[in-house]
> 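Below: one structure in structure tokens.
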Amino acid sequence: MCTVNLNYSLTYEIKPVSPYNFNLSVRKPAGWSLFTPFEIYNGKTLWTAVHLESTLIGLKLSSKGTTNNPRITAKIFLESKPTEEKLDKIKKLLIHCIGAEDDLREFYAFARQDRILRYVVDDLYGMHSTSTGDNVFPDAILAILLQMAPLKRSNEMMDSIIRMYGDNAEFDRKTVYVWPLPQKLSSLNPSVLARECKVGYRAKRIVKLAVKFVEEGFPTLQELEKLSPEDSKTKLLELPGIGDYSADIINPHGGFPIDVWSAEVFGNLFFGKKPDNNRQAVKEVKSEGIRRWGKWSWMAFFYVVQDLESLSRRMNIKLRLA
DNA sequence: GCGTCCAGGTCTACC
DNA sequence: GGTAGACCTGGACGC
């Protein structure tokens with residue numbers, strides 16, 4: 001654990017593309033955080049921290065507008081004054097990460113014609129998909145920790161790794177733990193990581209992943225976006241511990257990441273009944289989702305999993321909550 | 001209490 | 001190329 005005091009700050013305003021619901025976008029209804037599970041949110045303001053451009057940044061984001069006329073005040077905190085060029089890059093990355101540039105209108109037009117999606121876009125109007133920074137590494141660790149474990153246990157493993165090996169950003173009288181950089185994990189003995197963070201066999205995969213990032217490097221999320229969706233996924237599949245499901249979670253082009261749990265949820269929605277065997281149903285459910293929703297598969301997946309409780313009521317189907 | 005099963009997948013050794 | 005089986009850990013469940 002390394003504590004970093006971020007004493008230099010500056011404030012500016014972000015005007016997201018409307019509609020943009022701040023609350024739904026920075027703290028998803030299913031509990032997904034923006035950058036780190038340790039960020040602090042009081043309903044109007046989010047204090048969080050992230051590495052952008054290899055620099056630790058503290059953030060205080062406050063909503064000043066409405067869903068149809070959104071405005072966000074962003075106060076960023078750094079160790080020292082950055083160059084104008086670096087500051088410009090950080091500002092652009094932040095806008096990109098919070099999904100402020102994304103226009104939802106085309107997806108909404110598509111969704112309102114769909115018997116399932118028309119409910120979720122109504123419930124979650126203005127919710128934007130966000131990304132966890134410019135580095136793939138935190139997403140890849142998260143994907144590995146989600147494998148073969150109930151969500152509660154995945155969260156425990158994640159908290160443990162961040163607390164033990166992440167940075168500790170101190171700013172605005174707040175403390176936020178941040179995902180570790182690959183350099184911090186690449187030199188670890190996997191058996192030590194497994195014992196200290198109780199991640200079991202995943203420790204070998206995480207250390208191997210970190211070593212690959214340090215020794216060979218890996219494209220940023222923004223660089224992967226410039227590739228075709230297929231090429232981006234192929235690149236992600238080169239990472240140790242990352243298979244089809246995990247690559248779909250990470251891919252900035254969006255995939256349709258169906259696992260054992262979501263196979264049950266989407267199987268229920270598509271076919272009106274719970275699959276006999278969730279694990280065996282993964283392939284069938286995934287291809288049905290892609291067939292129905294095509295290029296909007298990720299947005300459809302994202303909206304549905306954030307809205308299961310309401311969707312269960314509206315469609316009169318018992319959906320297993322996350 | 002104690003034993004067994006299995007979970008938001010992936011990798012590898014077989015065939 | 002396809003496919004069992006192994007893999008950490010801890011909670012749920014049956015006895």
> Under 4.0 Å, counting only non-hydrogen atoms across every strand here, what does Pro257(A) touch: a base, just sugar-phosphate, or nothing?
nothing
> When the distance from CG of Asp139(A) to C1' of dG8(B) is rounded to whole Å, what number comes out?
15 Å
> Rounded to the Å, how far apart are Met158(A) CE and dC8(C) P?
21 Å
> Which part of the nucleic acid does Leu146(A) contact within heavy-atom distance under 4.0 Å: base, sugar-phosphate only, or nothing?
sugar-phosphate
> Check the orientation of Phe266(A) and Trp293(A). Use parallel for under 30°, tilted for 30 to 60°, and perpendicular for over 60°.
perpendicular
> Find out whether the Lys NZ or Arg CZ of Arg314(A) is both under 6.0 angstrom from the six-membered ring centre of Tyr119(A) and within 45° of the ring's axis.
no
> Side chain of Gln147(A) only, heavy atoms from C-beta on: which candidate in dG8(B), dA7(B), dT10(B) is closest?
dT10(B)
> Which value, in whole Å, describes the distance between the P atoms of nucleotides dC13(C) and dG8(B)?
13 Å
> Determine the contact category for Ser154(A): base if any of its heavy atoms lies under 4.0 Å from a base atom, sugar-phosphate if only primed atoms, P, OP1 or OP2 are that close, otherwise nothing.
nothing
> Provide the closest heavy-atom pair for Ser232(A) versus Pro252(A) in the form atom of the first, atom of the second, distance.
OG-CD, 3.8 Å
> Rounded to the Å, how far apart are Met148(A) CE and dT10(B) P?
11 Å
> Which base sits across from dG3(B) as a Watson-Crick or G-U pair, both distances under 3.5 Å?
dC13(C)
> Please give, in whole Å, the distance from dG8(B) P to Phe266(A) CZ?
15 Å
> Under 4.0 Å between a Lys/Arg side-chain N and an Asp/Glu carboxylate O for Glu106(A) and Lys295(A)?
yes
> Which of the following nucleotides, dG10(C), dG8(B), dG11(C), is nearest to the side chain of Lys152(A)?
dG11(C)
> Can you tell me whether the base of dG8(B) sits syn or anti, using the 90° cut around 0 to define syn?
syn
> Would you kindly give the CH2-to-C1' distance between Trp32(A) and dG8(B), to the nearest whole Å?
11 Å
> dC6(B) P sits how many Å from Arg279(A) CZ, rounded?
11 Å
> So, Lys174(A) and Glu170(A), do they make that salt bridge, N to O below 4.0 Å?
no
> Is the phosphate of dG8(B) approached by Arg320(A) (side-chain N or O, under 4.0 Å from OP1 or OP2)?
yes
> Report the distance from atom CE of Met157(A) to atom P of dG11(C), rounded to the nearest whole Å.
12 Å
> Considering only atom C1', compute the distance from dC8(C) to dC5(B) and round it to an integer number of Å.
15 Å
> Say we look at dA6(C) and dT4(B): how far apart would their P atoms be, to the nearest angstrom?
16 Å
> Let's test your reading of the model: under 3.5 Å, does the base of dG11(C) pair with the side chain of Arg153(A) as donor and acceptor?
no
> Hey, are Asp248(A) and Lys286(A) close enough for a salt bridge, meaning a charged N less than 4.0 Å from a carboxylate O?
yes
> My understanding is that a pair needs two contacts under 3.5 Å, Watson-Crick or G-U wobble. By that rule, which nucleotide pairs with dG8(B)?
none
> Using heavy-atom distances to pick each residue's nearest nucleotide on DNA chain B, tell me which of Ile242(A) and Pro150(A) is more 5'.
Pro150(A)
> Which whole-number value in Å describes the distance from Phe256(A) CZ to dG8(B) P?
17 Å
